[in-house]
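All values derive from a computational prediction rather than experimental measurement. Each chain gets a letter, A, B and so on, in the order the sequences are listed, and its residues count up from 1.
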Protein chains: 2
Amino acid sequence: MLHDPAQIDLMFQALADPARRQMVDRLSRGPASVSQLAEPLAMSLSAVVQHLNLLEASGLVRTQKLGRVRTCQIEPKALRAAEHWINERRLAWERRLDRLGDFLAETGDDTEGN
Amino acid sequence: MLHDPAQIDLMFQALADPARRQMVDRLSRGPASVSQLAEPLAMSLSAVVQHLNLLEASGLVRTQKLGRVRTCQIEPKALRAAEHWINERRLAWERRLDRLGDFLAETGDDTEGN
DNA sequence: AAAACACTGAAGCATTTACTTAACTATTGC
DNA sequence: GCAATAGTTAAGTAAATGCTTCAGTGTTTT
């Protein structure tokens, strides 16, 4: 479910906005209500709710409503999925460089086959 | 330079688009020319160049032109910076959970402050 | 019961984004 | 030199995004 391309797309899209990253940052220090999330942001509560809905749709944030207050938390599994996507590509690149280095060392060749 | 918020913003914005992620994915398997990057994508060369320029501005991709062909490579440092941003937030959250768990175990309390 | 609080949803609007096409500039091969 | 190749740039456009305001809905507090 978390490695599904559509979900990955929603996550990166969610992380693309500075206000949403600021919300994630705030939530990384502990749960918060919608108003608490909104407080440091220079925009209406309504705008914050819209951002929050995207964050929730992406899976990065989970919320639950008790009475009139919606409490938000980070979903670490989702963060890990985004991290993983990047990590895989970086490692693929670095492994390739390593193999290339080994090859050049073994053959004493100094050309690259690209 | 890489942890500068403006650069982080450009990176996440760059990663938000599926076509650009596909290009990064392709480049993780090795360097490629603009046309090679364009080949699997259902859009004009021109559109690909525009995506590529964003990727380069974000620092995720480095390019160099030799003759008439522009060769593109991944910049692993930049990928690492994006990875790092996510990782820091996730770890902050998980450390907080750990501390909370320790506290509850020590006091024998079974309520959680959420 | 009335007022304050914590959101929520819809409509509208300005900007940004992701393209397209078309005209153009260098290289390279014949 | 001429044509093909590889990429670049500009202008235009349709759709998506990030807001705003305003009019709600439930939930506490007094």
Measure [atom1]/[X] against [atom2]/[N] and give the value in whole Å, please.
X        : N       : atom1 : atom2 : result
Leu54(A) : dA16(D) : CG    : P     : 14 Å
Gln50(B) : dT13(D) : CD    : P     : 16 Å
Arg21(A) : dG18(D) : CZ    : P     : 11 Å
Glu39(B) : dA6(D)  : CD    : P     : 13 Å
Asn53(B) : dA6(D)  : CG    : C1'   : 14 Å
Leu10(A) : dA16(D) : CG    : P     : 14 Å
Met43(B) : dT13(D) : CE    : C1'   : 17 Å
Met23(A) : dC19(D) : CE    : C1'   : 14 Å

>> I need a per-nucleotide contact map over nucleotides 23-30 of chain D, read 5' to 3'. Cutoff is protein heavy atoms under 4.0 Å; write B for the base, S for backbone only, - otherwise.
In response: ---BBS--

> Is the NZ or CZ atom of Arg89(A) positioned over Trp93(A)'s six-membered ring, under 6.0 angstrom from the centre and within 45° of the axis?
Replying inline: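 Relative to the ring axis of Trp93(A), which defines the angle, Arg89(A) lies outside at least one limit.
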
> Above 12 or not: heavy atoms from other molecules or residues under 6.0 Å from CD of Glu39(A)?
Replying inline: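 No.
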
>> Categorize Gln13(A) for me: base, sugar-phosphate, or nothing, with a 4.0 angstrom heavy-atom threshold over every strand shown.
In response: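 Sugar-phosphate contact only - Gln13(A) comes under 4.0 Å of backbone atoms but never of a base.
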
> Hey, does Ser33(B) reach any base, or is it just sugar-phosphate, or nothing, if we go heavy atoms under 4.0 Å?
Replying inline: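 Ser33(B): backbone/sugar contact only, no base atoms under 4.0 Å.
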
> Out of Asp9(B), Asp17(B), Leu10(B), Leu15(B), which one pairs with Gln13(B) under the side-chain contact (heavy atoms from CB on, under 4.5 Å) rule?
Replying inline: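 Among Asp9(B), Asp17(B), Leu10(B), Leu15(B), the one that satisfies the side-chain contact (heavy atoms from CB on, under 4.5 Å) with Gln13(B) is Asp9(B).
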
>> To check you understand the geometry: which heavy-atom pair defines the closest contact between Pro76(A) and Glu94(B), and what is its length?
In response: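 Taking every non-hydrogen atom into account, CB-OE2, 3.7 Å.
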
>> Testing the basics here: between Gly59(A) and Ala78(A), what is the closest heavy-atom pair and its distance to 0.1 Å?
In response: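 Scanning both residues completely, I find the closest heavy atoms to be O-CB, 3.2 Å.
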
>> Return whichever of Ala42(B) or Leu45(A) has its heavy-atom-nearest nucleotide of DNA chain C closer to the 5' end.
In response: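 This one resolves to Leu45(A).
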
Give, for atom [atom1] of [X] and atom [atom2] of [Y], the distance between the pair rounded to the nearest 0.5 Å.
X        : Y        : atom1 : atom2 : answer
Arg80(A) : Asn87(A) : CZ    : CG    : 12.0 Å
Arg90(B) : Leu60(A) : CZ    : CG    : 12.5 Å
Arg68(B) : Ser33(B) : CZ    : OG    : 11.5 Å
His51(A) : Leu37(A) : NE2   : CG    : 11.5 Å

> Given that Val69(B) and Arg20(A) both sit by DNA chain D, which one's nearest nucleotide is further toward the 5' end?
Replying inline: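 The residue mapped nearer the 5' terminus is Val69(B).
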
> Does a distance-only test, which skips hydrogens and angles, find a donor-acceptor pair under 3.5 Å between the side chain of Ser46(B) and the base of dT9(D)?
Replying inline: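 Donor-acceptor pair under 3.5 Å: yes.
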
>> Need two values: the first and the last nucleotide of DNA chain C, 5' to 3', having an atom under 4.0 Å from any heavy-atom of chain A.
In response: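 It runs dA4(C) to dA10(C).
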
